[in-house]
Amino acid sequence: MKAFRKLKIYSAFTKANFLLAFAYRGSVFLWLLGGLLTAVMSGLLWWAVFSFGGSDAIGGFSYPQMLLYTVLSAVCAEVIYCGTADEIARDVRNGMIGMRLSKPISYQGMQAASAVGNFSGKLVIVGIPMMTIGTLVAVFGFGLDGIQWYNVLLFIPTLFLGMMLNNALGFMFGQIAFKTQAMWGVLSMTDLFISFLSGAVVPLSLFPSWAQNILAYTPFPSVMSLPVRLFLGMNSWEQTLIGLCSSVFWIVVLNVLGALWYKRSVRHVVVFGG
Amino acid sequence: MLKELRLYPKYVAMSVKSSLSYKTDAILQIISFAVTEAVSLATIYLIVGAVPSVGIWTFEALAVLFGFTLIPKAIDHMFFDDLWILAYWAVRLGELDPYLTKPINPLFQFLAKTFKWAGAGELVVGVVIMCIFAPQCAIVWTASNTIAIIVCALLGMFVFTGIKLLFASLAFWVKSSGVILNTVYNFCNYAKYPVRYMGKAFMSIMFYVVPFGLFLYYPVELLITGGNVWWAALWSSIAAVVLITLGLFVWHRGIRRYESIGN
Amino acid sequence: MIQLINVEKHFKKPVRGKGVWGMVKTLFSRKYTLVKAVDGVSFDIADGEAVGYIGANGAGKSTTIKMMSGILTPSSGEILIDGKRPYKSKERNAVLKNIGVVFGQKTQLWNDLPLTETYDLLKGIYDIDGDEYKKRLGDLVELLDMKEFLSAPVRTLSLGQRMRADLAAAMLHNPKTLFLDEPTIGLDVLVKRNLIAAIKSIRAKYNTTLLLTTHAMSDIEQLCDRVIVLDKGKILFDGTTDGVKHMFGDKRNITVMLKAPATPDALLRFGFAFPEASDDLMQVKFTVDAEKQHVNEFLQDVLGAFRVEDVKIVETDIEEVVRKIYEDGVTDNASGDAETARVVDNAGNDGATVEDGE
């Protein structure tokens, strides 16, 4: 019963954030427009790179695969972006953190619940439409093959795990807000850092092999590279399975680390009175 | 105008003094932007590195181009960063109020009050990268092309400022134009590639639709191929005048629609 | 001389749907409602006058002040300050040189620098002559008692200190007119009293024209000779402060929390103060007219008659005045559900026992 009540409190945050995704109607259209322009430019850029290379594949990607990879990773980046770190920074800056501390629910849990709502809302409003359009264009316009329905189905839970990882990383980086006011620069750096290392900017298979080997032992590839490659049918079953296990492992580890770090940060607040 | 110019040093001094009470923040900002630029350079290296070589554009030449594009962006960043705040939330949250009640240009007050150290960091990164890689590119330095490239960098700053002012001022109509501004602004990243060799469509967009190719890529291309850099300066100045004028026009139209907050 | 001639200000507000489906529909709709924040307001203020501009939240007070100080452009009508319009770019600077503005919820001071830095910048902005500046700053520092925090960074100041500092910033260039928007908001009683006294002495010294919005009736009583009451963008009342007071009286709501339930007998004894008891009789609310009755004496009587745990006194606030005028009833008993709710709300705050309504 108590657990159920708790769940209800958290699900309220989920629902609120789900609805929030709908509230910014203007920015959704603008984001779509911006995304479209970026997709066109990246498509042109890769087209040039492919024609210079003279080969059919770069880093294991054919041109249509690269095209869809670029589009999907841009859309997914928006969908899994949950602004956890920004939120913490804002709570710290305007002193809301004190109030949050006095609530009988876990701040970390609240952030995760909000992230889930945010993710679902954006998935419905931008994710699914854009990914469908992108896929149709790639398949019928550029002759992409290798998309399987079971991969597409498995893609959503994999992306969900990617989002949970992103949220856990965001919660950790958000702790920097307890130390500085200059969060805007820090957050844009950490966002770029995460997206670069997770393969959202350039596919990881283009990285030098030593870098790829190191990255395999980090949580980053599971955030973006894993779900998108899965969607494209570029992963073997084995790779997918290992990837999923590593996602779950890292979600647990990062959340524990985040909780410990948060405990330390909060002591900081208590000392300085928020 | 004269009063504004006279007061500008005072504003910058106050802003610098203000930011000195947050030394860690200033350092963090500089580090953030240095890392961001390093990632950005790595991206270009990975993409262009996937193919043998693109025309005249060796990696060293691309690095010079990369360094140059940072310079006008950095100067704009140091002095006019608050246009981002205008785009994202100043209009929505009614933060322009205090500037409108003083007998001095409100846009001037809004922009003059912030000096960003991160921009200074970016500037240093840009200059250092240029200094490292330029000697490896067989560029013949003359007094003329040295002055021309500096002029191009300064004019480029005004183009950046004009673009930011234009799209940030749209916030008066749409409340928050940050997403639009961000989209347009990020086109500058494509000027870091060998624009002329990236296909007709790419090149046309970068030269004719958005001017980033014109004032960021073109000067460096002329510099490396031994052309007359002053041509780029001419184009940059035209772009600067047009965009600043447009930006000011939209700002002036917009400020009349300003709604403050609390309604 | 300030003239407002049939001024209107409209805002467009997008219509938002309710629930998930409503949200989805909002995505595709471009519907707006037109809100008339200020709806045909006209008045004149002569030089040297002190006017209280009051009304409920959202009545359009701040919008009017913002139009008068160059922030907003009226949708229609005209505002003339000494014959010039603050919202026209050519006339703007001439108007703004002669007015000072303070918004209680916003500061114009540089947060991380000592006050003197902001003042020094203002000296440049308003072209204040060096000697004149020194003399005036000296006077203001003395009047507003700012010596002790003049060189501390603004972010370390208390709200009351910051308010005084903002007031000094607005007065530095010797403006003919001063607009104060909610200057006492959030201040505790003592700090507020000092601030009001300081504004009074500033006016006495410089004969500044004053337009003041506030939620506290007492601010108006102490500072203004004339009151304009605004409701839903329209002027409801324009007359002397005494006139408003006479119409309404100076009511205090006194709520006592008891240790033992109130007896009907005791309640009857205080029938003249319109007692309202809670269901369990542990809490009683009285309404006292301070003009007819000494609040002090009344309290003594109450403390004698009941076993009192705690007392709350709430002064009448503007909302109530407006409601009264609106209902056109000048009855003696100013009680009602809405009011009860607010008093209970006030009782929920900890801290000072005596406080003004919001």
Side-chain angles (χ1 to χ4, degrees), chain A residues 24-38 40-55 57-61 66 70 78 176 179-197 199-208 211, chain B residues 19 21-22 24-40 42-55 81 84-85 116-118 121 174-184 186-187 189-190 193-195 197-203 205-206 209-210:
Chain A
Y24 300 109
R25 56 171 183 183
S27 42
V28 169
F29 288 127
L30 290 173
W31 186 85
L32 290 180
L33 188 70
L36 192 71
L37 289 174
T38 315
V40 169
M41 289 309 280
S42 312
L44 292 171
L45 184 70
W46 280 112
W47 183 80
V49 171
F50 271 83
S51 63
F52 269 108
S55 68
I58 289 179
F61 284 82
M66 188 62 91
T70 314
E78 184 63 22
I176 300 173
K179 308 252 188 257
T180 172
Q181 301 262 317
M183 281 307 276
W184 194 83
V186 172
L187 291 181
S188 68
M189 170 183 74
T190 53
D191 282 346
L192 187 71
F193 206 63
I194 295 175
S195 61
F196 184 70
L197 295 181
V201 182
V202 185
L204 295 180
S205 58
L206 289 181
F207 282 45
Chain B
S19 63
S21 42
Y22 303 97
T24 342
D25 291 12
I27 293 167
L28 262 171
Q29 277 188 30
I30 292 176
I31 294 175
S32 306
F33 274 88
V35 170
T36 306
E37 296 310 341
V39 169
S40 172
T43 307
I44 294 166
Y45 177 75
L46 289 178
I47 293 178
V48 182
V51 296
S53 110
V54 185
D81 194 58
W84 287 103
I85 290 177
K116 281 278 170 177
W117 287 103
V174 296
K175 294 282 172 245
S176 172
S177 65
V179 181
I180 313 175
L181 174 56
N182 200 35
T183 306
V184 177
N186 279 336
F187 264 85
N189 288 322
Y190 295 111
Y193 294 92
V195 172
Y197 298 85
M198 302 309 274
K200 254 218 152 70
F202 191 96
M203 192 189 85
I205 292 173
M206 292 308 287
V209 183
V210 288

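For the numbers below, each heavy atom of this structure counts, side chains included, while hydrogens, waters and symmetry mates do not. Lettering follows sequence order; numbering is per chain, from 1.
- For chain A, the nearby part of B:I205 is the side chain; its heavy atoms alone come within less than 4.5 Å.
- Listed by chain and number, the residues in a ring pair (Phe, Tyr, Trp, His ring centres under 6.0 Å) with A:F61 are A:Y69 (sequence neighbours excluded).
- Taking the six-membered ring for Trp and the full ring otherwise, the centers of B:F187 and B:Y190 sit less than 6.0 Å from each other.
- Contacts between B:V39 and chain A at a heavy-atom distance below 4.5 Å involve backbone atoms as well as side-chain atoms.
- Both the backbone and the side chain of A:S42 have a heavy atom closer than 4.5 Å to some heavy atom of chain B.
- Interface residue B:Y197: backbone and side-chain heavy atoms are both found under 4.5 Å from chain A.
- Both the backbone and the side chain of B:F202 come within contact range of chain A, each with at least one heavy atom under 4.5 Å from a heavy atom of that chain.
- Most heavy-atom pairs under 4.5 Å with chain B, from the set A:I58, A:L37, A:L45, A:V49: that is A:L45.
- Between chain A and the options B:V174, B:T36, B:V48, B:V184, the largest number of non-hydrogen pairs under 4.5 Å is found for B:T36.
- Contact count against chain A (heavy-atom pairs under 4.5 Å) is highest for B:T43 among B:V35, B:T43, B:T183.
- When each of A:W46, A:F50, A:W47 is checked for heavy-atom pairs under 4.5 Å with chain B, A:W46 comes out on top.
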(request) Please report the C-alpha distance between B:M206 and B:M198 in whole Å, then the side-chain angles of each, then the deciding distance to 0.1 Å, and finally whether the side chain to side chain contact (heavy atoms under 4.5 Å, CB included) criterion is met. (result) CA-CA 10 Å; B:M206 292 308 287; B:M198 302 309 274; over 6 Å; no
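- Rounded to the nearest 0.5 Å, atoms CG (B:N182) and OG (B:S177) are 10.5 Å apart.
- Residues A:P203 and B:L46 fail the side-chain proximity criterion, which asks for heavy atoms closer than 4.5 Å.
- Remark: B:W84 CH2 is packed, more than 12 non-hydrogen atoms of other residues, nucleotides or ligands lying under 6.0 Å away.
- For chain A, the nearby parts of B:A201 are the backbone and the side chain; heavy atoms of each come within less than 4.5 Å.
- Contact check for B:Q29 versus B:K116: side-chain heavy atoms found under the 4.5 Å cut-off.
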